[in-house]
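So the structure is just underneath, and the comments pick up after that.
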Amino acid sequence: METKSGTRKNKLYPVVDEEAKRNLVMFQAKESLRTRDDAVEMILHKLPTREVQEDLIKKLQADLEAAKRLNEELQDQVEV
């Protein structure tokens with residue numbers, strides 16, 4: 001299926017519970033989107049890619065290690 005702009009579209013048929021449907025409808029209204037399909041597509045485009053997630057995890061792990069080292073240094077200073 002192609003859109004007016006010539007981009008290819010794929011059909012998905014998700015099955016969701018009532019709460020998920022309400023959330024989708026609220027998102028659709030908030031973003032002034034014409035269809036639920038448009039709302040789902042926008043949500044999926046906003047999801048970070050796996051690479052971005054992995055980079056963020058690595059950064060957070062490095063920050064955690066740095067905070068642990070700083071905490072140990074401060075604990076050593078308190079004990080002296």
Side-chain angles (χ1 to χ4, degrees):
M1 172 186 220
E2 290 199 15
T3 63
K4 291 177 186 173
S5 65
T7 59
R8 181 156 167 71
K9 297 283 185 167
N10 298 291
K11 289 187 178 196
L12 300 175
Y13 300 97
V15 178
V16 298
D17 62 18
E18 285 298 317
E19 182 180 3
K21 180 182 172 187
R22 279 192 304 273
N23 290 340
L24 180 60
V25 170
M26 284 190 292
F27 179 81
Q28 176 186 350
K30 179 182 170 211
E31 296 294 325
S32 301
L33 299 169
R34 200 174 59 88
T35 67
R36 288 187 197 149
D37 287 346
D38 292 340
V40 170
E41 187 172 15
M42 180 179 272
I43 290 168
L44 293 174
H45 280 294
K46 287 183 176 189
L47 289 175
T49 63
R50 183 177 183 104
E51 293 81 22
V52 170
Q53 290 174 335
E54 289 172 351
D55 290 345
L56 179 58
I57 289 169
K58 287 177 187 174
K59 181 187 178 313
L60 291 172
Q61 287 173 331
D63 290 349
L64 177 60
E65 290 304 315
K68 285 180 181 178
R69 284 192 299 278
L70 179 59
N71 187 40
E72 288 173 3
E73 291 173 13
L74 292 172
Q75 289 294 327
D76 290 344
Q77 290 176 5
V78 169
E79 291 175 0
V80 174

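Val16 and Leu44 end up in different hydrophobic clusters when Ile, Leu, Val, Met, Phe, Trp and Tyr side chains are linked at under 4.5 Å. Under the 4.5 Å side-chain heavy-atom criterion for ILVMFWY residues, no single connected hydrophobic cluster contains both Met26 and Leu33. Met42 and Val40 fall within a single hydrophobic cluster, where Ile, Leu, Val, Met, Phe, Trp and Tyr side chains are chained together by heavy-atom contacts under 4.5 Å. Residues Leu47 and Phe27 share a single hydrophobic cluster, defined by chaining ILVMFWY side chains whose heavy atoms lie under 4.5 Å apart.
Note: Leu12 CG to Glu41 CD = 9.5 Å, rounded to the nearest 0.5 Å. Once rounded to the nearest 0.5 Å, the distance linking CG of Asn71 with CG of Asp76 reads 9.5 Å.
Of all heavy-atom pairs between Arg34 and Gln28, the closest is O-NE2, 3.2 Å.
Checked against salt bridge (charged side-chain N to carboxylate O under 4.0 Å, His left out), Glu65 has the following partners two or more places apart in sequence or in another chain: Lys68.
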Would you tabulate the side-chain donor-acceptor contacts of residues 54-61 under 3.5 Å, counting partners in other chains and residues two or more places apart, or write 'none'?
| from | atom 1 | to | atom 2 | distance (Å) |
| --- | --- | --- | --- | --- |
| Glu54 | OE2 | Arg50 | NE | 3.1 |
| Lys59 | NZ | Asp63 | OD2 | 2.8 |

